[in-house]
Number of protein chains: 2
Amino acid sequence: MTSPARKPSRIQTENRQRIRDAALGLFATHGFRGTTLDQIADACGMHKPNLIYYYDSKEAIHIDLLNTLMEEWLSPLDAMNAEGDPLEEIIGYIRRKMEMSRLYPRESRLFANEIVQGAPRMLPHLESTLKPLFDRQCGIIAKWMKDGKIAEMHPAHLIFSIWAVTQHYADFEAQIAVLLPGDDKRARGADQFVEMMFRKVLTP
Amino acid sequence: MTSPARKPSRIQTENRQRIRDAALGLFATHGFRGTTLDQIADACGMHKPNLIYYYDSKEAIHIDLLNTLMEEWLSPLDAMNAEGDPLEEIIGYIRRKMEMSRLYPRESRLFANEIVQGAPRMLPHLESTLKPLFDRQCGIIAKWMKDGKIAEMHPAHLIFSIWAVTQHYADFEAQIAVLLPGDDKRARGADQFVEMMFRKVLTP
DNA sequence: CAAGTTTTTTACCATTTGGTAAAGTTACGA
DNA sequence: TCGTAACTTTACCAAATGGTAAAAAACTTG
């Protein structure tokens, strides 16, 4: 996309990473339209035309970010293993999601922004990448339920609720910080609550 | 703000409503910066300077929307009554939140956008309006728990999880539509799932 | 170290966008 | 029905913004 078709140099790899890192924070908090090239340039100590040297356009940065992070973002779901203990597999997935909310709130908000706005740049990716994975993992969960290992319920809605609750802590942090001050205890309280909640829901 | 201090005329009331209605949809899906005055003008069949006649600036429209809708948005939480049956009060609240997600997805997304971006225009309002209400209702829930009417857990996190799950259906609809096609059955399935889930969590 | 290639910087441009000035039109009370 | 105040429209502007051209600088390699 950016260069015809050549192996990227060291400087290229480095600087694209710098750009992505700066853009991630800005897109996550101001959205695509709310972020300017000048802001990105500023945040990574480059000049605007230099960005365009590495990425064809502002949109190209955004798209690259979404694509790059998508895989990483979905890996915990993929890691849920049909052979493991059902309850512990799902709880393990929830723990990893909570951890990601804490460690990578920018990524969470980037996706939140994109989806809230109708996923204009990600719909095809959702169809082609997320959907098959989602259906597969729903199938695994459904089987666990049929085997009586966990309580029966709609697998898709179960996953939605896991996403909703775990990502809420990253996406709505501004609100949570107002309502539940005291940063230190919050994360542990959240982890404990969410695990307790889903254990209770999933226990047959 | 807009006019010194006079009772609004019929035309004024009408047109401000038209502007708010158009702006609500646009701000909800494109965010504040992603929405232009021209788009709003177009959407409500007015000309740009006419908007500025009714609202001092684009930001004034946004702020008015947030303030106008905040109260309405929080009313279900306020309606949770300490004298009622604890489990049914909370389930009733959840039902109302699900209904609002279905009937007013634009409002939900407007707030989601605002909070994800750090609530730049709403933080004071959260402090002054939401926080007291939140603390009060947390207190009611805590008492219900102490009395053994519902299972014990952290009331604040319980409310967060209710918000997360119910609003998820409005805010992430684009994703849900891809993963769970078939519009008609979805809403009922969601309602049933969410009610089942929280009943299970809350039952002592 | 010289020639060529990659990267950075400066100067610039066209379009978009939030907003204004002021003339024109409509509604409405006396 | 007439005058005035409320409302609408046209024409316009300054700043911001995404992006380009091309020269300058730095790096790579024979």
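Side chains included, hydrogens not; waters and symmetry mates left out as well; all remaining heavy atoms used. Proteins come first, then strands; the chains are lettered A, B, ... in the order of their sequence lines, and each starts at number 1. All of these numbers come straight from a predicted model, not from anything done at the bench.
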5'-most contact on DNA chain C: B/Arg10 or B/Ser57, nearest heavy atom basis?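 The residue closer to the strand's 5' end, by nearest nucleotide, is B/Ser57.
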
5'-most contact on DNA chain C: A/Arg33 or A/Asn50, nearest heavy atom basis? A/Asn50

Calculate the interatomic distance between [X] atom [atom1] and [N] atom [atom2]; express it in whole Å.
| X | N | atom1 | atom2 | value |
| --- | --- | --- | --- | --- |
| B/Leu26 | C/dT17 | CG | P | 13 Å |
| A/Lys48 | C/dC13 | NZ | P | 14 Å |
| A/Tyr53 | D/dT20 | OH | C1' | 15 Å |
| A/Leu37 | D/dT17 | CG | C1' | 8 Å |
| A/Ile11 | D/dT29 | CD1 | P | 11 Å |
| A/Gln39 | D/dG18 | CD | C1' | 13 Å |
| B/Met46 | D/dT9 | CE | P | 9 Å |

When the nearest nucleotide of DNA chain D is assigned to A/Glu59 and to B/Arg18 on a heavy-atom basis, which residue is associated with the more 5' position?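 Residue closer to the 5' terminus by nearest nucleotide: B/Arg18.
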
OP1 or OP2 of D/dA6 sitting under 4.0 Å from any side-chain N/O of B/Asn15? no

Considering just the side-chain nitrogens and oxygens of B/Gln12, establish if one lies under 4.0 Å of OP1 or OP2 belonging to D/dC7. yes

Between A/Tyr54 and A/Arg20, does any side-chain donor sit less than 3.5 Å from a side-chain acceptor? no

Say whether B/His62 and B/Arg121, considering side chains only, have a donor N or O and an acceptor N or O under 3.5 Å apart.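 Checked: B/His62/B/Arg121 side chains pair up, N/O donor to acceptor below 3.5 Å.
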
Between the side chains of B/Asp78 and B/Arg136, is the shortest nitrogen-to-carboxylate-oxygen separation below 4.0 Å, so that they form an ion pair?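 Result for this pair is yes, salt bridge flagged.
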
Is the shortest side-chain N to carboxylate O distance from A/Asp191 to A/Arg102 below 4.0 Å? yes

